[in-house]
Amino acid sequence: QVQLVESGGGSVQAGGSLRLSCAASGATDEIDYMSWFRQGPGNERDGVAAVGGVGSRIYADSVKGRFTISLDTAKNTLYLQMNSLKPEDTGMYYCAATRKTGPYRNMPTMAQHLVHYWGQGTQVTVSS
């Protein structure tokens with residue numbers, strides 16, 4: 001089992017920045033790649049960004065150029081640096097982890113059905 005605990009959410013004005021953290025513990029050697037998802041008010045949960053063990057990264061079009069995902073493997077901690085925040089970035093942000101399926105690492109995805117572990121979420125509110 002893997003446990004994921006997010007932190008760093010809060011309230012910020014449009015144009016501001018926040019950095020989210022996700023501390024992973026437990027069987028972290030099972031993890032293939034990690035990702036961030038978010039769910040805005042009245043919306044479905046959508047992928048924001050994902051990072052693989054070899055450093056490959058993908059981003060949702062809506063956050064490209066503003067958000068940066070990174071992984072500190074020594075600390076087993078995932079980060080999401082969010083700059084130039086917009087009111088539409090408001091939502092609950094979830095950390096997620098996908099288990100390895102074999103001896104080779106897979107490219108990261110933001111496919112929710114492939115997620116094996118979820119964090120409890122951290123709220124981000126951006127005011128205009």
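Hydrogens, waters and symmetry mates are skipped; everything else that's a heavy atom, side chains included, is used.
Distance OG/S70 to CG/L78: 7.0 Å, rounded to 0.5 Å. Remark: T28 OG1 to Q3 CD distance equals 10.0 Å, nearest 0.5 Å. Within the model, atoms OG of S35 and CG of L71 stand 11.0 Å from one another, a figure rounded to the nearest 0.5 Å. Put simply, CZ on R66 and CG on L85 are 6.5 Å apart, with the number rounded to the nearest 0.5 Å. Expressed to the nearest 0.5 Å, how far OH of Y59 lies from CE of M110 amounts to 10.0 Å. Note that OG1 of T122 and CG of L20 are 6.0 Å apart. Values are rounded to the nearest 0.5 Å.
Annotation for G52 and P108: closest pair N-CG, 3.6 Å, computed over non-hydrogen atoms. Residues Q81 and S17 share a closest heavy-atom pair of NE2-CB, 4.0 Å. Here the closest heavy-atom approach between residue V2 and residue A27 is recorded as CG2-O, 3.3 Å. Taking all atoms of both residues into account, the shortest heavy-atom contact from S128 to A14 is CA-CB, 4.3 Å. Residues M34 and C22 approach most closely at CE-SG, 4.2 Å, considering heavy atoms. Between A23 and T77, the shortest heavy-atom contact is CA-OG1, 4.2 Å.
In this structure a side-chain-to-backbone donor-acceptor pair under 3.5 Å is present from R57 to I69. Side-chain atoms of Q112 never come within 3.5 Å of backbone atoms of F37 as a donor-acceptor pair (strictly under, hydrogens ignored). In this structure, R105 contributes its side chain and D32 its backbone to a donor-acceptor pair below 3.5 Å. Judged by distance alone, with hydrogens and angles left aside, the side-chain atoms of W118 form no donor-acceptor pair with the main-chain N or O of L4 at under 3.5 Å. With hydrogens and angles ignored, the 3.5 Å screen pairs no side-chain donor or acceptor of K86 with any backbone N or O of V126.
Ring pair Y93/F67 is tilted by interplanar angle, where 30° to 60° counts as tilted.
By the 4.5 Å heavy-atom criterion applied to side chains, D89 and M82 are not counted as neighbours. Looking at heavy atoms from C-beta onward, Y33 lies in side-chain contact with L114 at the 4.5 angstrom threshold. In this structure, I31 and N76 have side chains that are not in contact, with every pair of non-hydrogen atoms separated by 4.5 Å or more. For the pair E30/H116, no side-chain contact is recorded, criterion being any heavy-atom separation below 4.5 Å from C-beta on.
For the side chain to side chain contact (heavy atoms under 4.5 Å, CB included) with Y94, the qualifying choice from R38, Q120, E6 is E6, the only one to do so.
Ion pairing between D61 and K64 holds under the 4.0 Å rule for side-chain N and carboxylate O.
At a threshold of 4.5 Å between side-chain heavy atoms, the hydrophobic network of Ile, Leu, Val, Met, Phe, Trp and Tyr places V115 and W36 in two separate groups. Hydrophobic clustering of Ile, Leu, Val, Met, Phe, Trp and Tyr side chains at less than 4.5 Å, counting indirect connections, unites V48 with Y117.
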